[in-house]
Number of protein chains: 2
Amino acid sequence: MTSPVILRLRHHGKLGDGAADALLSCRKRNRLVEPGQCLMRQAEEMNALFWIESGWAMRHRNLANGRRQILNLLLPGDICDLQGLIHTRADHSVTAMTPVMLCEVDAGRFLDLLHNDGQLAASLLWSVVQEEGILREHIVRIGRRSARIRLAHLLLELVRRQALGGGPSDGLIEIALTREVMADCLGLTPVHISRTLSELRRDGLVTLEPQGRLRISDIDALARHADYDTRYLHLARPDHVLDRAGGAQA
Amino acid sequence: MTSPVILRLRHHGKLGDGAADALLSCRKRNRLVEPGQCLMRQAEEMNALFWIESGWAMRHRNLANGRRQILNLLLPGDICDLQGLIHTRADHSVTAMTPVMLCEVDAGRFLDLLHNDGQLAASLLWSVVQEEGILREHIVRIGRRSARIRLAHLLLELVRRQALGGGPSDGLIEIALTREVMADCLGLTPVHISRTLSELRRDGLVTLEPQGRLRISDIDALARHADYDTRYLHLARPDHVLDRAGGAQA
DNA sequence: CGCAGACTTGAAAATACTCAATAAATGTGG
DNA sequence: CCACATTTATTGAGTATTTTCAAGTCTGCG
């Protein structure tokens, strides 16, 4: 069984077994983090370089007034943080949402690899580009879309991204998300998420499964409904959920 | 007179004259872009690698429903786009807001440099980290802050960033921003920006100067008022506008 | 069974939006 | 330098969306 990191990087394009093995050979040790525990704390020195083997985590900022904004969710196969390579302080925290198995990387060996394997370096650069794309999409979502569309977009993104790391691709979100988590992602309140989700359920777009997990009933239908386009994920195979020529914009 | 790129990168830390000259030696040619013209178009192949010598531009997405979200503003000294190094399609557009002088870079020579000059590579990586920090801060701003604080934050960031590239650092924003631009940055309407800005002016925090330019009357006062902390810019010298120990969060 | 945490629902309030009319500012040509 | 056209900004009134507060319900788990 291969690591979700490799699965994810293969969505960029060709990544030979040699490059994959080389990357895996940088592993230093695994570490298990319990839900609610920090993988990285705001204002702390960043040193560790790691990826997520299993479990979900979140990047977030806590504000002086007690509010919280979730910047991004981290799924199996996501790398956190290439930025750790330069000496700087974290401007946000990362907290486990489920039990998270981390794979810590030996920075020295990793840097050697970057130098010597151009294909691998390109794939890792791609993962940075994808992460930036995800951040930008999040800005658009929060800045210019209604609560209903925001929520639909978030769910669609999560379903897509979990598939990239080897998770389910049938519309089921593999972990239970609380209303509060969705609210803090989307800049809304849990109460309003509750109402909005009820609407989506009423309209048959989303269903609630055992253990509080959500399922998108028909991914294509919801994507069409919500003007969702996966181009920002920069996947190699052009399998946009929606592949309308030209899409939305000027 | 040195390029704003060099000025900006020096805010990361030591950058010797040798490294600076090496970077400048990658210049291929300059190109002038008129206001309203695109430097890069959504869904187009990215090939060019360039930085901004003078003038302001914006990264933005145009939505199917005619709305626009500005993702980030580009100021003199900003690099656009290191991501161009990998073969992918832009997920957003970049448009000039003023006459913009671009400096196009020879990608081959640039990559050589990255390989051979570790100090320069670190500085460029820093600029990527800073850009990501700016995107994240923008998410927090839009997601969890009131219109008034959002606007104050945006102005504070712009004043700070223009100083990094050699622009004024006295609170005057060097170009006139329309209400519509500010609105599209912050996920608000121009009308509401107008009202909010009037409030800030009424309270003596901001003044309107000739040619529609804005000035922050007292940067520290506004920063305190708006819970603004520059840590996310990852500047080497810890000259946070606010240097309260520990700051806001857990 | 019963508790704790998460969810739902209602009503009232706050925030931001829309539409529309007026006022400044900017640029153009005579 | 002035009149005019054009764009941008301000202001008011009414509306829509989202929040807040609070009470009640569901669910999973020991």
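Heavy-atom basis, side chains included; hydrogens, waters and symmetry copies ignored. Predicted model only: the values in this text are computed from it and were never measured. Letters A, B, ... are given to chains in the order of the sequence lines, protein chains preceding strands, and every chain is numbered from 1.
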Could you check whether any side-chain heavy atom of A:Trp56 comes within less than 4.5 Å of a side-chain heavy atom of A:Pro76, counting everything from C-beta outward?
yes

Reported CG-to-CD distance for the pair B:Asp78 and B:Gln162, which is rounded to 0.5 angstrom
11.5 Å

Step by step, work out the salt bridge (charged side-chain N to carboxylate O under 4.0 Å, His left out) result for A:Glu209 and A:Arg213.
CA-CA 5 Å; A:Glu209 306 271 314; A:Arg213 286 176 307 176; over 6 Å; no

So for the helix from C:dC1-D:dG30 to C:dG30-D:dC1, with five pairs setting each end axis, what is the inter-axis angle to 10°?
40°

CA sep, side-chain torsions, deciding dist, call: A:Leu233, A:His11, side chain to side chain contact (heavy atoms under 4.5 Å, CB included)
CA-CA 10 Å; A:Leu233 293 174; A:His11 283 275; over 6 Å; no

For nucleotides 14-30 of chain D, read 5' to 3', which letter fits each nucleotide if B means a protein heavy atom sits under 4.0 Å from the base, S means only the sugar-phosphate is that close, and - means neither?
----SBBB------S--

Show the nearest heavy-atom pair for residues A:Cys80 and A:Val94, with the distance to one decimal.
SG-CG2, 4.4 Å

N-O pairing of B:Arg215 and B:Asp170 below 4.0 Å:
yes

Reading DNA chain C in the 5' to 3' direction, which nucleotide is the first one with an atom under 4.0 Å from a heavy atom of chain A, and which is the last?
C:dC7 to C:dA11

Check A:Glu137, A:Glu157, A:Arg136 against A:Tyr232 for a side chain to side chain donor-acceptor pair (under 3.5 Å) and give me the one that passes.
A:Glu157

Side-chain touch B:Arg59/B:Leu135, heavy atoms, less than 4.5 angstrom:
no

If we only count heavy atoms from C-beta on, is the A:Arg144 to B:Asp184 side-chain gap below 4.5 Å?
yes

A:Leu214 side chain reached by A:Leu197 side chain, heavy atoms, under 4.5 Å:
yes

